[in-house]
Number of protein chains: 2
Amino acid sequence: MSVKHGILALLRDRPGYGYQLRAEFEESTGSTWPVNIGQVYTTLGRLERDGLVAKTGEDAEGHVIYEITESGARELADWFARPITQAQRPRDELAMKLALAVTVPGVDVAVLVQTQREHAQSTLQELTRLKVRAAAPHLAWSLVLEAQIFQAEAEIRWLDHVEERVCRTNG
Amino acid sequence: MSVKHGILALLRDRPGYGYQLRAEFEESTGSTWPVNIGQVYTTLGRLERDGLVAKTGEDAEGHVIYEITESGARELADWFARPITQAQRPRDELAMKLALAVTVPGVDVAVLVQTQREHAQSTLQELTRLKVRAAAPHLAWSLVLEAQIFQAEAEIRWLDHVEERVCRTNG
DNA sequence: GCCGTATGTATACCGAGTATGCACCGCCGC
DNA sequence: GCGGCGGTGCATACTCGGTATACATACGGC
């Protein structure tokens with residue numbers, strides 16, 4: 001979903017080709033999410049199939065150039081207007097794991113929570129360090145980084161909450 | 001990933017068959033995440049292929065029964081011991097969208113943030129209502145629900161933060 | 001008897017993501 | 001000069017998560 005709309009957004013700015021789109025895509029998210037080049041081509045293929053982009057031929061260097069279509073621009077505008085809903089998101093792996101852990105017998109939930117919290121805390125420290133160190137932060141990059149920070153904090157808060165609830169339940 | 005380990009966890013408790021495993025899986029997460037039955041069978045197939053579960057034949061009613069293998073139990077124990085890392089998680093759709101929005105020209109970031117926050121707030125209210133209304137809450141269910149609440153709160157906090165940063169940048 | 005629903009298994013299909021193959025080109029060292 | 005090496009660029013094969021659907025059986029109500 002995201003790579004698809006990312007490519008559309010980049011193509012709305014100006015036409016481009018696969019390899020270049022990957023670089024722009026990664027740069028626009030502050031190189032936080034590496035994108036496999038193969039995925040760019042398959043996504044471009046699907047977008048073309050669905051009439052959201054079109055091949056315009058080749059440029060002087062022989063690159064296969066794509067441009068956005070009217071239909072693609074509409075889809076992009078819709079996407080920006082639509083909020084991201086809970087339903088579109090994948091399952092929360094951690095919540096799932098803990099739900100399983102408290103359901104099936106023989107799992108030490110306290111240890112699990114403890115391990116996860118230690119991990120989350122070191123992740124949070126690492127992210128904070130990255131943020132502080134950044135000399136001339138790219139806006140998109142720092143927004144993504146801060147999203148990860150807020151999420152890590154929420155995870156730690158939730159783990160504290162879980163620990164309290166589970167301990168109270170057990171004793 | 002999660003369905004795979006969920007099935008392993010359920011099978012460690014006792015052997016079972018596809019349809020039953022789906023019901024148990026959904027119940028263990030408080031019916032928060034519906035699982036398509038087809039996925040259960042394909043996952044069981046892959047688990048069998050990899051030697052993590054094994055068919056034991058049929059029970060009295062003719063159900064195809066699977067049981068966990070030693071190797072499967074090891075993998076499950078490993079999974080519970082391993083923390084969930086950032087890398088295993090999928091891209092954050094919302095962070096991605098905003099990173100794109102501030103990068104490509106012609107997107108009204110303020111409106112986007114506003115729309116998303118309204119949506120997140122109504123989601124949060126809905127989740128809170130669910131939590132309060134729950135008469136005899138299942139532990140796993142309420143943990144999952146609370147995870148969603150903590151995440152929605154973090155999202156709203158982050159959106160406030162983004163708004164402040166973007167406004168400051170623009171004016 | 002027959003229709004609708006729940007139970008149960010299995011397969012086809014699609015999209016996201018990864019690995020890999022293949023070709024071209026420019027640079028650097030010998 | 002030339003042979004290796006790394007960057008650029010395109011394309012395909014493959015796996016996995018997830019959905020839809022086909023198909024069969026059993027059971028209960030009209």
Side-chain angles (χ1 to χ4, degrees), chain A residues 1-8 10 15-27 29 31-50 52-53 55-66 75 79 84 86-93 96-97, chain B residues 1-8 10 15-27 29 31-50 52-53 55-66 75 79 84 86-93 96-97:
Chain A
M1 216 74 237
S2 31
V3 174
K4 169 181 162 183
H5 290 108
I7 288 177
L8 280 181
L10 293 170
Y17 57 93
Y19 204 81
Q20 170 203 354
L21 286 167
R22 181 187 53 172
E24 288 181 8
F25 183 92
E26 292 193 347
E27 205 250 323
T29 58
S31 311
T32 320
W33 289 307
V35 181
N36 189 286
I37 182 64
Q39 195 181 350
V40 175
Y41 291 110
T42 52
T43 303
L44 278 171
R46 277 193 288 268
L47 285 169
E48 193 187 10
R49 180 199 60 193
D50 299 341
L52 304 181
V53 307
K55 269 185 192 152
T56 58
E58 301 185 356
D59 68 358
E61 285 86 27
H63 299 140
V64 183
I65 301 292
Y66 289 86
E75 165 56 27
W79 182 65
I84 304 277
Q86 200 72 24
Q88 298 167 42
R89 287 181 197 158
R91 297 178 219 292
D92 181 336
E93 289 269 329
M96 183 111 151
K97 188 172 170 179
Chain B
M1 219 72 236
S2 30
V3 174
K4 169 182 164 183
H5 290 108
I7 289 177
L8 281 180
L10 293 170
Y17 57 93
Y19 203 82
Q20 169 204 355
L21 286 167
R22 181 190 48 177
E24 289 181 7
F25 184 92
E26 292 193 348
E27 206 249 322
T29 57
S31 311
T32 319
W33 289 307
V35 181
N36 190 286
I37 182 64
Q39 196 182 346
V40 174
Y41 290 110
T42 52
T43 303
L44 278 171
R46 278 194 286 268
L47 286 170
E48 193 187 10
R49 179 199 61 192
D50 299 340
L52 304 180
V53 307
K55 269 186 192 151
T56 58
E58 302 184 355
D59 68 357
E61 285 86 27
H63 299 141
V64 183
I65 301 292
Y66 289 86
E75 165 56 27
W79 182 64
I84 304 277
Q86 200 72 24
Q88 298 167 43
R89 287 178 198 162
R91 295 177 221 294
D92 181 337
E93 290 269 329
M96 184 111 150
K97 188 172 168 178

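Not measured: the values here are computed from a predicted model. The figures that follow rest on heavy atoms only: side chains count, while hydrogens, waters and symmetry mates do not.
Between D/dC10 and A/Tyr41, a contact under 4.0 Å exists linking OP1 or OP2 to a side-chain N or O. For A/Tyr17, a side-chain nitrogen or oxygen approaches OP1 or OP2 of D/dG9 to under 4.0 Å. Residue A/Arg49 places at least one side-chain N or O under 4.0 Å from the OP1 or OP2 atom of C/dG15.
Residues passing the side chain to side chain donor-acceptor pair (under 3.5 Å) test with B/Gln86: none are found, sequence neighbours excluded. Residues meeting the salt bridge (charged side-chain N to carboxylate O under 4.0 Å, His left out) test with B/Arg46, sequence neighbours left out: none. In this structure, the side chain to side chain contact (heavy atoms under 4.5 Å, CB included) partners of B/Glu27, at least two apart in sequence or on a different chain, are B/His138. Partners of B/Gln20 by side chain to side chain donor-acceptor pair (under 3.5 Å), not counting sequence neighbours, listed by chain and number: B/Glu24. Partners of A/Tyr41 under the side chain to side chain contact (heavy atoms under 4.5 Å, CB included) rule, at least two apart in sequence or in another chain, are A/Tyr19, A/Ile37.
C/dC24 atom C1' lies 10 Å from atom NE2 of A/His63, rounded to whole Å. In this structure, OH of B/Tyr66 is placed 6 Å from P of C/dA10, rounded to the nearest angstrom. The CG-P distance, from B/Leu44 to C/dA10, rounds to 10 Å in whole Å. Whole-Å rounding puts the A/Glu26 CD to D/dT8 P distance at 12 Å. For the pair A/Gln20 CD and D/dT8 C1', the interatomic distance rounds to 12 Å; values are reported in whole Å. Atom CZ in A/Phe25 sits about 8 Å away from atom P in C/dG17, given to the nearest Å. Going from atom CD1 of A/Ile65 over to atom P of D/dC10 covers 8 Å, rounded to whole Å. Between the CG atom of A/Leu47 and the C1' atom of C/dA16 there is a distance of 13 Å, given to the nearest Å.
Contact annotation for A/Arg22: no contact, since no heavy-atom pair falls under 4.0 Å across all strands.
Using a distance-only test at 3.5 Å, with no hydrogens or angles considered, a donor-acceptor pair links the side chain of A/Asn36 to the main chain of A/Gly38.
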What does the list of N/O pairs under 3.5 Å between the protein and nucleotides 18-23 of chain C look like, with a distance for each?
from   : atom 1 : to      : atom 2 : distance (Å)
C/dA19 : N7     : A/Asn36 : ND2    : 3.4

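Using a 4.5 Å heavy-atom threshold, the side chains of A/Glu26 and A/Pro34 count as touching.
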